[in-house]
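The sequence lines fix the lettering, A, B, ..., with proteins before strands; numbering per chain opens at 1. Computed from a predicted structure; not experimentally measured. The basis for the numbers below is simple: all heavy atoms, side chains too, and nothing from hydrogens, waters or symmetry mates.
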Amino acid sequence: MSQARYDPQEIEPRWQALWADEKTWEVDNRPDADSGSSSYVLEMLPYPSGEPHIGHLKVYSVGDAVAHFQRRNGRRVLHPMGYDAFGLPAENHAIKTGQHPRASTEEAIAEFQRQFRRWGISIDWSRELATCDPAYYRWTQWIFNQLLAAGLAYQREAVVKWCPQDQTVLANEQVVDGRCERCGAEVEARQLNQWFLRITDYADRLLDDLETVEWPEHVKTMQRNWIGRSEGAEVVFRCEELGIDYPVFTTRPDTLFGATFFVMAPEHPDVERLAEGSGNEEEVRAYVNRALTEQGAMRESAEREKTGVFLGRHVTNPVNGEEIPVYVADYVLMEYGTGAIMAVPAHDERDYAFAQAFDLPVRRVIEGENPEGDADGLPYTGDGALTASAPEFDGKPNREAFGEIVTWLEDNGKGHASVNYRLRDWLVSRQRYWGCPIPVVHCPQCGTVPVPDEQLPVLLPDIEDYAPKGQSPLAAAEEWVATECPQCGGPARRETDTMDTFVDSSWYFLRYCDALNEGAAWDPAVLREWMPVDQYIGGVEHAILHLLYARFFVKALKDLGHLDADEPFARLFTQGMITRDGAKMSKSRGNVVSPREIVERYGADTARAYILFIGPPDQDADWSDEGLEGVHRFLGRLWRLSAEVAAGPVEGNGSPEADAALRRKTAWAIGKVTADMDRRFAFNTAIAAVMELVNEVSRLRDEAGPSAQREALEAAASICFPFAPHACADAYQLLTGRRVWEEPWPEADLSLLEADTYELVCQVNGKLRDRVSAPSSADDAELEALALAAPNVVAHLDGREPRKVIVVPGKLVNIVV
RNA sequence: GCGGGCGUGGCGGAAUUGGUAGACGCGUCGGCCUUAGGAGCCGGUGGCCUUGGCCGUGGGGGUUCGAGUCCCUCCGCCCGCACCA
């Protein structure tokens with residue numbers, strides 16, 4: 001008989017064409033459908049540049065397996081696709097080549113789309129979107145207007161982080177170790193008038209609602225740390241010489257009596273005023289100037305020597321009336337708290353280092369666990385009883401004194417309980433071209449005026465020169481900038497900043513639900529059907545930025561009445577990276593695996609199944625060409641056996657033992673794959689189970705009958721379909737004439753797994769000595785008797801009397817002598 | 001420094017609640033088929049000594065009839081945070 005050959009290059013395009021023609025993966029909106037019948041599976045929005053890389057192949061291999069599994073289990077699955085298409089790479093490319101960012105972006109999108117289709121991912125293409133499409137960013141602008149009207153978007157003059165390389169300001173989240181997260185250039189401080197979104201209003205809800213989502217614990221921890229909620233008190237220190245009150249934030253009001261000096265940030269607006277007339281002006285001015293130019297990585301390091309200058313003034317500690325000296329030092333940050341601190345060197349490491357450097361007094365006010373060393377053991381940051389404070393507090397545990405001192409402050413008008421956050425408002429202005437225009441007009445008469453919704457979108461104009469010049473290139477488009485005020489009709493000028501592209505990607509998952517709606521961003525009733533996303537999949541690199549912003553948008557939009565969900569993503573899965581030779585793939589290393597080449601050579605099924613087989617998908621994994629070959633051989637064997645068996649008799653029995661063994665293996669494999677998909681994302685062990693089943697068919701090819709072999713291969717094709725859809729659809733059709741994706745997920749026949757006998761493990765003193773066949777119905781006593789009679793057990797007992805016998809029915813017997 | 005994760009054959013990795021360590025795949029060795037094969041099929045493969053054992057899940061210690069799994073401790077690697085008062 002002729003050898004059927006597995007030919008993915010013939011099989012895969014054939015099924016892809018059918019799925020495209022029949023729009024198999026499109027799903028309609030049924031707002032009345034009961035929840036639970038639908039499922040929203042989403043991978044993070046890709047940024048189209050060049051062509052898809054191996055990380056894309058992984059995220060869609062995982063997502064598509066989930067989507068298929070959900071569909072086969074009776075759910076209507078929303079699984080859409082789009083592109084995060086605004087952004088700097090396309091713009092930088094335009095500066096270099098003169099090619100319009102729109103043109104290069106469209107080319108990249110076309111290539112991404114072509115390859116995604118070639119991968120055979122089950123996408124509802126009718127909902128495809130690109131964030132640079134006016135039909136999309138019209139609604140980005142509408143959301144901005146909503147936030148503006150609600151007071152959640154505002155403009156403010158502020159010292160911001162400026163990237164000299166990318167020529168734009170950055171959000172705090174986009175600055176890592178004082179460097180631009182994108183390009184690595186050291187950021188500078190600039191005073192600019194910028195647009196912010198009031199994410200800090202949502203700090204507590206963003207924190208609390210983490211409890212309600214099924215996310216990896218480390219991602220939740222990262223978000224908690226980023227929000228950085230601290231409970232403490234605001235305490236007022238008065239400068240009697242100038243008659244000004246200076247509030248500070250502290251998390252340790254219990255150490256208030258230990259404050260021996262006071263420190264202000266170099267950026268604090270009152271520094272110069274305080275130094276004036278103190279005789280120290282020159283030194284202070286020099287220090288402040290140096291600190292301000294020394295922003296970035298240099299300044300924000302805990303290792304650094306403490307520096308500072310005495311301001312020549314004093315403030316009064318409200319609890320004991322003590323006058324303490326005021327310093328300016330760069331270890332105090334203007335952005336956090338009030339930009340000034342009370343320093344308690346005995347109980348704070350930083351204050352202690354500063355006190356050492358400037359020879360300032362250190363007063364211990366909390367007893368340590370080991371009170372014998374009074375000079376040593378400082379700074380002491382642990383708990384203990386108060387001392388050297390005030391008669392009414394001394395001797396009390398510091399946690400108790402915490403509240404009592406706050407109460408005293410409140411009663412005496414010197415302070416109050418307070419909560420501070422590390423989280424800052426989200427700076428969304430960007431001085432770049434290829435982004436969503438901020439829909440605002442500046443009018444000399446009416447001030448800042450939003451462009452009315454009915455005039456949206458504010459279209460991004462075409463320009464000649466993309467090079468940034470310290471302000472947005474849009475500012476040069478004079479005929480675009482000059483406009484009329486929507487309010488008074490007089491001459492006015494457009495806002496020339498564009499939005500951070502993270503704004504675009506903070507709501508795309510909402511648009512997918514109602515992507516074709518031309519009259520609104522979405523219909524809230526439609527969102528009720530799909531939101532929140534049931535399973536979100538992407539890289540852990542977005543643990544803070546994208547995921548925090550998207551959560552904020554959903555909460556804000558809920559408050560504005562546009563949707564019901566509290567959280568965008570009910571479940572999150574973060575996939576690990578694929579490396580090669582133990583290192584991240586990069587062009588400079590020359591260790592890049594091209595998905596296109598892999599698919600051309602082995603087919604999409606092999607590439608996808610291999611990526612899932614390589615190891616647990618949440619872990620990093622190293623690419624191996626040989627491993628890929630192994631999976632290719634497996635798919636070939638599955639397909640070839642199916643073709644051979646399909647061409648043979650429809651029914652017939654083989655030996656009863658072989659038929660039973662094959663049917664048992666089939667039931668086992670169905671159960672194993674189902675459990676691995678249900679329980680966790682254990683695709684690697686699921687695929688291994690299918691391999692075992694296929695190996696079993698191969699082994700029993702001559703002994704088992706056609707019926708059992710067909711059942712086994714049908715099951716194999718059916719449960720392997722989520723990982724290798726084309727080969728399995730083809731094999732299933734050869735065997736049954738039916739479409740596997742229209743079949744329900746198979747159920748394992750559990751009765752087949754109940755065997756009459758099993759292999760009983762016999763141990764002596766915990767060591768494996770023999771195995772005997774035991775009836776499933778045997779009770780403990782019978783099992784013990786069987787084990788004691790096992791030949792090798794008898795040999796090892798060597799006449800000794802068992803002291804104790806442990807029987808684990810269904811497993812083993814352990815005899816202790 | 002603080003927080004989290006990980007450490008199993010030559011390699012990637014398996015191992016429900018503590019119960020046969022190494023499933024599955026790669027590599028490798030041997031065989032079959034073939035004019036040939038970058039095709040396919042069958043079998044062996046943790047280490048050490050002769051069957052039978054002994055030793056083996058980063059090192060050391062503990063709990064237990066029994067530990068890769070639980071506890072303590074040390075070592076190594078990875079990730080996140082890091083002057084946030």
Side-chain angles (χ1 to χ4, degrees), chain A residues 3 5-6 176-177 216-222 224-226 228-230 232 248-252 255 263 265 299-304 306 329-333 335-344 347-351 353-354 420-424 540-541 543-544 576 610 613-616 618-631 633-634 636-637 640 672 675 679 682 684-695 698-699 701 759-771 792 795-796 802-808 810-817:
Chain A
Q3 294 298 307
R5 213 176 119 258
Y6 170 54
V176 178
D177 291 334
E217 206 48 50
H218 67 278
V219 175
K220 291 194 196 181
T221 303
M222 284 165 74
R224 285 191 195 104
N225 291 343
W226 188 262
R229 182 188 155 102
S230 306
V248 298
F249 174 75
T250 178
T251 54
R252 295 296 304 275
T255 64
V263 190
R299 173 157 170 203
E300 286 172 26
S301 161
E303 313 301 311
R304 208 163 162 241
K306 292 284 179 286
D330 66 3
Y331 82 95
V332 173
L333 308 175
E335 310 95 87
Y336 189 77
T338 62
I341 62 155
M342 66 174 207
V344 184
H347 305 292
D348 182 281
E349 287 174 23
R350 299 148 302 176
D351 297 344
F354 191 84
N420 243 281
Y421 301 89
R422 215 183 83 114
L423 183 70
R424 309 285 146 70
V540 73
E541 64 272 17
I544 294 172
Y610 170 62
F613 181 67
I614 193 170
D618 55 332
Q619 286 174 27
D620 290 352
D622 207 56
W623 181 270
S624 143
D625 290 332
E626 292 76 24
L628 183 77
E629 300 257 8
V631 170
R633 277 198 284 271
F634 156 68
R637 197 152 57 238
R640 207 175 325 104
K672 172 73 178 158
R679 186 160 52 106
N684 54 332
T685 50
I687 292 170
V690 184
M691 287 175 170
E692 285 195 53
L693 176 57
V694 172
N695 289 346
S698 196
R699 208 170 289 135
R701 191 83 177 84
E759 191 178 66
L760 181 72
V761 168
C762 306
Q763 298 179 328
V764 177
N765 285 340
K767 292 199 167 152
L768 174 67
R769 293 306 177 190
D770 211 342
R771 300 158 210 257
N792 207 33
H796 273 90
R803 210 178 46 170
K804 191 174 177 186
V805 179
I806 287 104
V807 180
V808 183
K811 291 267 182 195
L812 55 78
V813 174
N814 187 17
I815 298 155
V816 186
V817 294

Nearest heavy atom decides the nucleotide; on that basis, is V631(A) or D348(A) closer to the 5' end of RNA chain B? V631(A)
Work out how far the P atom of G80(B) is from that of U73(B), and round it to whole angstrom. 27 Å
Between G80(B) atom C1' and N225(A) atom CG, what is the distance in whole Å? 8 Å
Answer syn or anti for G44(B), where the cut-off is 90° from 0 on the glycosidic torsion. anti
Please confirm whether any donor atom in the side chain of N814(A) sits under 3.5 Å from an acceptor in the base of C65(B), or the reverse. yes
Rounded off to whole Å, could you give me the CG-to-P distance for the N765(A) and G66(B) pair? 8 Å
E692(A) CD to A15(B) P, in whole Å, measures 12 Å
Looking at A85(B), C24(B), G27(B), which one has an atom nearest to any side-chain atom of N695(A)? C24(B)
Indicate, with a heavy-atom threshold strictly under 4.0 Å, whether E759(A) touches base, sugar-phosphate, or nothing. base
Minimum side-chain heavy-atom gap T255(A)-D348(A) below 4.5 Å: no
As a test of reading the structure: which of G19(B), C65(B), A39(B) is closest to the side chain of R633(A), going by heavy atoms? A39(B)
Looking for any heavy atom pair under 4.0 Å, which part of the strands does G630(A) touch: base, sugar-phosphate only, or nothing? sugar-phosphate
The side chain of I614(A) is closest to which nucleotide in this list: A39(B), G12(B), C65(B)? G12(B)
What's the CE-P distance between M691(A) and G12(B), to the nearest Å? 17 Å
For A14(B) and N684(A) - does any side-chain N or O of the residue sit under 4.0 Å from the phosphate oxygens OP1/OP2? yes
Using atom C1' of each nucleotide, how far apart are G40(B) and A36(B) to the nearest Å? 14 Å
Do we see a donor-acceptor contact under 3.5 Å between the side chains of R229(A) and Y421(A)? yes
Whole-angstrom distance between G1(B) and A82(B), as gauged at atom C1': 8 Å
R5(A) CZ to A39(B) P: how many Å, rounded? 12 Å
H218(A) has an atom NE2; how far is it from atom P of C79(B), in whole Å? 13 Å
CZ/F634(A) to CG/N695(A) distance, rounded to the nearest 0.5 angstrom? 8.5 Å
More than 12 heavy atoms from other groups under 6.0 Å of CD on E349(A): no
Gap in Å between the two P atoms, one belonging to A23(B) and one to C71(B), rounded: 28 Å
Closest to the side chain of M222(A), out of C41(B), C81(B), G80(B), is G80(B)
When you measure from the side chain of N420(A) to the backbone of S230(A), do you find a donor-acceptor pair of N or O atoms at a distance under 3.5 Å? no
Between N814(A) (side chain) and I806(A) (backbone), is there a donor-acceptor pair under 3.5 Å? no
Just to be sure I understand the rule, does V808(A) reach a base, reach only the sugar-phosphate, or reach nothing, if contact means heavy atoms closer than 4.0 Å? base
Of the listed nucleotides A14(B), G19(B), C65(B), the one nearest the side chain of T685(A): A14(B)
Kindly write out the residues that satisfy side chain to side chain contact (heavy atoms under 4.5 Å, CB included) with D622(A), not counting sequence neighbours, or none if the list is empty. T579(A)
For a quick check, with a 4.0 angstrom heavy-atom cut-off, what is the B/S/- contact string for nucleotides 43-53 of chain B, read 5' to 3'? ----------S
For atom C1', what is the distance between G58(B) and U69(B), given to the nearest Å? 16 Å
Given C24(B), G27(B), C65(B), the nucleotide with the shortest approach to the side chain of I806(A): C65(B)
Taking the side chain as everything from C-beta on, heavy atoms only, tell me whether L812(A) gets closer than 4.5 Å to C762(A). no
State which of C65(B), U20(B), G25(B) makes the closest approach to the side chain of V761(A). U20(B)
Say we look at A85(B) and G5(B): how far apart would their C1' atoms be, to the nearest angstrom? 30 Å
Salt bridge E217(A)-R224(A), side-chain N to carboxylate O under 4.0 Å: yes
Donor-acceptor under 3.5 Å (Y610(A) side chain, S624(A) main chain): yes
Looking at G13(B), C41(B), G19(B), which one has an atom nearest to any side-chain atom of R640(A)? C41(B)
Answer whether the closest heavy-atom distance between the side chains of K672(A) and T685(A) falls below 4.5 Å. yes
The dot-bracket string of RNA chain B, counting Watson-Crick and G-U wobble pairs with both distances under 3.5 Å, using [ ] for crossing pairs and | for pairs to another strand, is (((((((..(((......[....)))((((((.......))))))((((..))))..(((((..]....))))))))))))....
For C42(B), take OP1 and OP2 only and decide whether either is under 4.0 Å from a side-chain N or O of S698(A). yes
Rounded interatomic separation in angstrom, taking NZ from K767(A) and C1' from U20(B): 15 Å
Can you tell me the distance, in whole Å, between the CD atom of Q763(A) and the P atom of G19(B)? 11 Å
Which atom names give the shortest non-hydrogen contact between V694(A) and R637(A), and what distance separates them? CG1-CG, 4.2 Å
Pairwise C1' distance, G56(B) and A21(B) [rounded to whole Å]: 9 Å
Between T251(A) and I544(A), name the one whose nearest nucleotide on RNA chain B is closer to the 5' end. I544(A)
Suppose you measure atom P in A39(B) against the same atom in G27(B); what distance do you get, rounded to whole Å? 10 Å
Out of A85(B), A23(B), G19(B), which has the shortest distance to the side chain of L812(A)? G19(B)
How are the rings of F249(A) and Y336(A) set relative to one another: parallel (under 30°), tilted (30 to 60°) or perpendicular (over 60°)? perpendicular
Is there a side-chain polar atom (N or O) of R224(A) under 4.0 Å from OP1 or OP2 of G4(B)? no
